[in-house]
Amino acid sequence: MRKKNKRQVFEKIEVVDAGAKGKTVAKAPDGRVIFLSNTVPGDVVDVQTTKKRKAFFEGVAIHFHEYSDKRTESVCEHFGVCGGCKWQHMGYQHQLFYKQKEVENNLLRIGHIELPKPAPILGSEKQYFYRNKMEFSFSDSRWLTLEEINSNVDIKDKNALGFHIPGMWDKILDIKKCHLQQDPSNAIRLTTKLFAEQNDMQFFNPRKQEGLLRTMIIRTSSIGELMVIIQFYDDIEEKRELLLNHLQNTFPEITSLQYLINRKPNDTIYDQDIICYSGRDHIFEEMEGLRFKINAKSFYQTNSEQAYELYKITRDFAGLTGNELVYDLYTGTGTIAQFISKKAKTVIGIESVPEAIADANSNATLNGITNTTFIVGDMKNVFTDDFIALHGVPDVIITDPPRDGMHKLVVEQLLKVMPEKIVYVSCNSATQARDLALMKAYYKVEKMQTVDMFPQTHHVENVVLLRKRTSL
């Protein structure tokens with residue numbers, strides 16, 4: 001029988017660093033690393049361990065002897081419970097420092113990459129209210145705070161419209177005010193909850209798989225357009241129309257009001273039919289005169305202003321003159337491809353999601369762009385010798401893969417094609433480092449720029465320019 005881990009308490013431990021996934025780092029008396037979730041580098045704390053492993057502990061600070069000078073007051077009443085803004089108690093300049101440090105450490109330690117002198121990380125002008133997409137979940141059995149549990153009061157208000165508690169698929173924290181999306185996001189969410197309760201609309205229960213209201217998605221754009229999508233579980237037309245009409249009348253600024261009926265066990269919308277109730281079935285985003293049509297299922301970078309900065313860096317690193325054939329791998333809805341198209345001869349984008357390619361083609365037509373081609377398919381199956389023979393050998397390749405990085409077959413094909421330059425955009429520097437290690441005998445990192453897209457979190461983007469080694 002497996003022994004239970006005995007919790008230990010370590011006293012007066014100094015927190016020395018910030019690590020992966022938003023954790024902070026300290027050292028136990030025996031030299032093992034302790035990963036903590038509620039501290040800032042520079043805090044001196046008593047730690048109670050929650051997990052014990054051969055090489056490390058996980059723990060939580062239970063008493064603070066000294067507070068770090070890197071601390072700042074969190075602005076959100078839900079901080080520490082919600083889990084969405086894990087670094088909100090750390091000053092923004094310190095967030096940027098640790099983000100850049102993690103990127104550099106990953107490239108050096110995982111990839112053993114020889115790096116140029118990195119440019120300072122590009123911070124976000126907006127540190128709050130920067131997200132253009134938020135998804136909230138309804139629940140009839142909300143997460144109770146410790147204060148509520150310890151109050152011995154009979155809690156009658158069990159409904160929630162908010163976020164999943166980290167690691168708990170069936171527990172939703174009711175959100176009073178979120179600081180991530182600009183108004184009227186909070187007003188729409190609060191109005192929806194109040195109206196639903198006043199009109200006896202049942203909030204979803206994921207364990208029992210029953211209820212009327214399941215999720216709400218709010219999308220905004222930098223030009224002031226607004227999309228709201230309500231996901232229903234039960235199909236009750238009278239109550240559905242009552243809620244949608246209320247939103248339409250209360251918030252006439254809604255550009256696109258949509259809904260869907262989803263009775264699957266999971267609440268993903270990408271395989272569902274979405275119905276436009278009023279307005280358009282899309283909103284528009286703009287960037288340097290380009291217009292991008294965004295529908296309910298479209299992917300678009302969630303920080304519009306920083307996406308513009310990220311794309312400018314990508315274009316600058318590519319160093320296009322107007323004569324190049326460019327491949328844009330993992331093109332998504334083709335935003336980077338279209339953004340650079342004026343500087344290239346031809347751009348070919350590849351993406352595995354058919355709806356994304358449909359968006360890319362639609363947006364190219366909308367913008368009058370005629371030198372882009374978008375192809376749908378799994379990257380490792382599409383990006384082949386036959387593909388190169390058909391479309392030509394690229395001068396530059398831009399790759400912006402998902403968090404898992406590039407498939408090894410894609411890396412192998414890159415090394416067969418051997419373009420002069422590769423611009424690698426990554427949202428996960430650990431997998432970026434792994435991929436760069438596979439290419440370092442053939443390419444050197446000439447430039448690197450880290451970009452903070454997600455203030456108050458540990459997430460960060462990194463762009464590198466790879467140039468083919470002259471000795472090959």
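- Environment of CD in E125: sparse, with no more than 12 heavy atoms of neighbouring residues, nucleotides or ligands closer than 6.0 Å.
- A distance of 12.0 Å separates CG of D140 from CG of L212, quoted to the nearest 0.5 Å.
- In this structure, CG in N361 is found 11.0 Å from OG1 in T333, a value given to the nearest 0.5 Å.
- A salt bridge links R207 with D170: at least one charged nitrogen is closer than 4.0 Å to a carboxylate oxygen.
- Heavy atoms of other residues, nucleotides or ligands lying less than 6.0 angstrom from NZ of K158 number 12 at most.
- Ion pair R280/E225 flagged as a salt bridge, since at least one NZ, NE, NH1 or NH2 atom sits closer than 4.0 Å to an Asp/Glu carboxylate oxygen.
- Put simply, the side chain of Q306 gets close to the backbone of D452: a donor and an acceptor are under 3.5 Å apart.
- A salt bridge is absent between K12 and D46: the closest approach of a Lys/Arg side-chain nitrogen to an acidic carboxylate oxygen does not fall below 4.0 angstrom.
- Between D69 and R71 there is no salt bridge, since none of the side-chain N atoms of the basic residue sits less than 4.0 Å from a carboxylate O of the acidic one.
- For the pair R291 and F284, the cation sits on the ring face: its NZ or CZ lies under 6.0 Å from the ring centre, inside 45° of the axis.
- Here CD1 of I121 is found 5.5 Å from OG1 of T450. Values are rounded to the nearest 0.5 Å.
- For the pair K312 and Y308, the cation sits on the ring face: its NZ or CZ lies under 6.0 Å from the ring centre, inside 45° of the axis.
- Salt bridge annotation for K70-D43: absent, with no cationic side-chain nitrogen under 4.0 angstrom from a carboxylate oxygen.
- Within a 6.0 Å sphere centred on CD of Q93, other residues, nucleotides and ligands contribute more than 12 heavy atoms.
- With values rounded to the nearest 0.5 angstrom, S278 atom OG is found 4.0 Å from Q248 atom CD.
- At least one donor-acceptor pair under 3.5 Å links the side chain of R263 to the backbone N or O of Y233.
- Note that R214 lies in the cation-pi zone of F204, set by a 6.0 Å cut-off to the ring centre and a 45° limit from the axis.
- A salt bridge does not link D435 with K408: every distance from a Lys NZ or Arg NE/NH1/NH2 to an Asp or Glu carboxylate oxygen is 4.0 Å or more.
- Counted within 6.0 Å of CG on D183, heavy atoms from surrounding residues, nucleotides or ligands total more than 12; the atom is thus considered enclosed.
- Between the side chain of N245 and the backbone N or O of E241 there is at least one donor-acceptor pair closer than 3.5 Å.
- In this structure, the separation between CG on L366 and NZ on K293 is 7.5 Å, given to the nearest 0.5 Å.
- Atom CG of L180 is separated from atom CZ of F163 by 6.5 Å, given to the nearest 0.5 angstrom.
- A cation-pi arrangement is present between R189 and F136 under the rule of less than 6.0 angstrom and at most 45 degrees off the ring axis.
- For F56 and F35, the gap between ring centers is short of 6.0 Å.
- Within the 3.5 Å criterion, the main-chain N or O of I218 finds a donor-acceptor partner in the side chain of Q181.
- A distance-only check finds no donor-acceptor pair linking the side chain of K264 to the backbone of D271 [under 3.5 Å].
- The heavy-atom pair separating P455 from Y130 by the smallest distance is O-OH, 2.7 Å.
- Between R315 and E288 there is a salt bridge, with a side-chain nitrogen of the basic residue lying less than 4.0 Å from a carboxylate oxygen of the acidic one.
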